[in-house]
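Indexing begins at 1, ligand by ligand and atom by atom, following the structure's order. What's counted below: heavy atoms across the whole structure, side chains too, no hydrogens, waters or symmetry copies. Being a predicted model, the structure only gives us computed values, none of them experimental. The chain is numbered in sequence order, starting from 1.
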Amino acid sequence: MRIAFLAVELYPYAKVGGLADVVSSLSKSLASMGEEVWVFLPVYTVEAPQVDEIEVPLLGDMKKVKIRMRKENGVKHYFLDDGELFPRKEVYGGDELLRFSFFVRAACNYVKKLGGCDVYHFHDWHTAFLPLYVKDTPSVFTIHNLAYQGIFPKEDMKKTGIPEENYSSYLVDGNINLMRTGILASTLLNTVSPTYAREITTPEFGAGLHEELKKRGKDLRGILNGIDYEVWNPEKDEHIPANYSVEKPEGKEECRKKLMEETGILHEGPLFGFISRLVEQKGLDILIPAISRLVNMGINLIVLGTGEEKYEKELKRLEQRFKGRLYVKIAFDARFSRRIYAGCDYFLMPSRFEPCGLGQLIAMRYGTIPVGRKTGGLADTITPERGFLFEEYTPEALLSCVKNAVEIYRKEKFYEMRKNCMLSDFSWKKSAEEYLKLYRDAKEVWNGG
Ligand code: ADP
């Protein structure tokens, strides 16, 4: 089957969050199963050989778009380069509506030039311009995070060159809502865990779109994300101080020691890690008020993240207060994240909601026991054998869960759980098969089956 992915993030070229990892590892997995996969991405700062050039309409003009391509891991990565809108350093911000709509138009035009595909796979609102460009091909739309919907004032649609008579499917309350368009216009759709798929049909998690999602209930699936077991592998990871595995676990202790030295953690005690975008979704409103009590419990905590200024400032302030116990780095630092996953005992994910979450999966792969909130993908992946969950979204519930986790610290149960984590399988194989079924079903639905 020939599948065309459209996305604005792709690991390692453009990564802001989990979307980048998913696009990269899912496409790779499908290719390894013998499928033909094309991934389309704006060029950003990627250097790749030019293989073609097309002309694409933009606001009454024709604009030249260079097609750059690199085949990696069996997947053709197409980087679109118009010399102006696509070569950017940042993925998000600025003229998003113009840029993303032009990206989708250019990518779909090029797919046509290549003879078409069996199914289009659109990722998140950034690519949800589908009703206009794919009238003749089945489409799958994936909601990676319903909290980001692509809402713009109606007048902004003029900037895209999309004719006014076609606006109606994009509107909610007079505004453009691209997520809604993707939900309603795709042949079949999914989100990234079974629990989140159920949650988003309720007013609490539906972010204003639960009615639309309920309406599409039978066409909406939950397929758990995996992680790339080659990219994340403590046995081979070159960026951690010592390698280790279930059979030879000694290296993890070395990683821990080095991480403590690097971060100036001076006290013995359970070492927790938290790596995340610093936004409300990730549970900062219950984590920050719990920090002084965590420290009093004898816990050490390493935080890595960037995001909202109020959280960054508050965390930095707390770091000053709890020096030697709390280390905070405000940055996006992929290498440091690996040393944290490898060196910590536990990994915290107190998310308010979590479509799937990759952090807990990576942590488990590195033998770091997850402590998370029972929501979305965290509820689907953290079982009592390999982690700890709490339900209520309060600092108290978080603290009492951490207390349970710490009670087993360095006891037999702790090592047993660590082993269970490392032996669990969150590789892509099973999920990629579910996606393949989704594509086949989309084709069947499209053909009136
Ligand atoms: P989301 O996509 O909502 O941000 P996920 O848990 O699905 O959350 O994916 C987050 C990914 O981004 C993980 O691979 C995590 O390690 C990585 N990540 C998040 N923040 C940082 C950071 N500051 N530095 C390095 N990696 C980060």
Q: Could you list all the ring-ring contact (aromatic ring centres under 6.0 Å, His included) pairs where at least one residue sits in residues 350-404, not counting sequence neighbours?
A: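 As it turns out, there is no ring-ring contact (aromatic ring centres under 6.0 Å, His included) pair with a partner in residues 350-404 once direct neighbours are skipped.
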Q. If you look only at pairs with a residue in residues 181-207, which of them pass as a ring-ring contact (aromatic ring centres under 6.0 Å, His included), with sequence neighbours excluded?
A.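 Output for this query is empty, none listed.
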Q) Excluding sequence neighbours, so at least two apart, what forms salt bridge (Lys or Arg N to Asp or Glu O under 4.0 Å) with E247? A)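 Counting only residues at least two positions away or on another chain, E247 forms no salt bridge (Lys or Arg N to Asp or Glu O under 4.0 Å).
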Q.
Over 60° means perpendicular and under 30° means parallel, so tell me whether H121 and H123 are parallel, tilted or perpendicular.
A.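 Rings of H121 and H123: parallel, under 30°.
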(Q) I need the single residue from R410, K258, K248 that forms a salt bridge (charged side-chain N to carboxylate O under 4.0 Å, His left out) with E253. Which is it? (A)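 Single pass found, and it is R410.
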Q. Should the heavy atoms of other residues, nucleotides or ligands under 6.0 Å from CD of E309 be counted, would the total exceed 12?
A.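 At most 12 heavy atoms, drawn from other residues, nucleotides or ligands, come within 6.0 Å of this atom.
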Table of N or O contacts for ligand 1, cutoff 3.5 Å:
| unit_1 | atom_1 | unit_2 | atom_2 | d |
| --- | --- | --- | --- | --- |
| ligand 1 | 2 (O) | G18 | N | 2.6 |
| ligand 1 | 3 (O) | R277 | NH2 | 2.8 |
| ligand 1 | 3 (O) | K282 | NZ | 2.8 |
| ligand 1 | 4 (O) | R277 | NE | 2.7 |
| ligand 1 | 6 (O) | L358 | N | 2.9 |
| ligand 1 | 6 (O) | G359 | N | 3.4 |
| ligand 1 | 7 (O) | L358 | N | 3.4 |
| ligand 1 | 8 (O) | K282 | NZ | 3.0 |
| ligand 1 | 9 (O) | G18 | N | 3.4 |
| ligand 1 | 14 (O) | K15 | NZ | 3.1 |
| ligand 1 | 16 (O) | Y341 | OH | 2.6 |
| ligand 1 | 23 (N) | A331 | O | 2.8 |
| ligand 1 | 24 (N) | D333 | N | 3.0 |

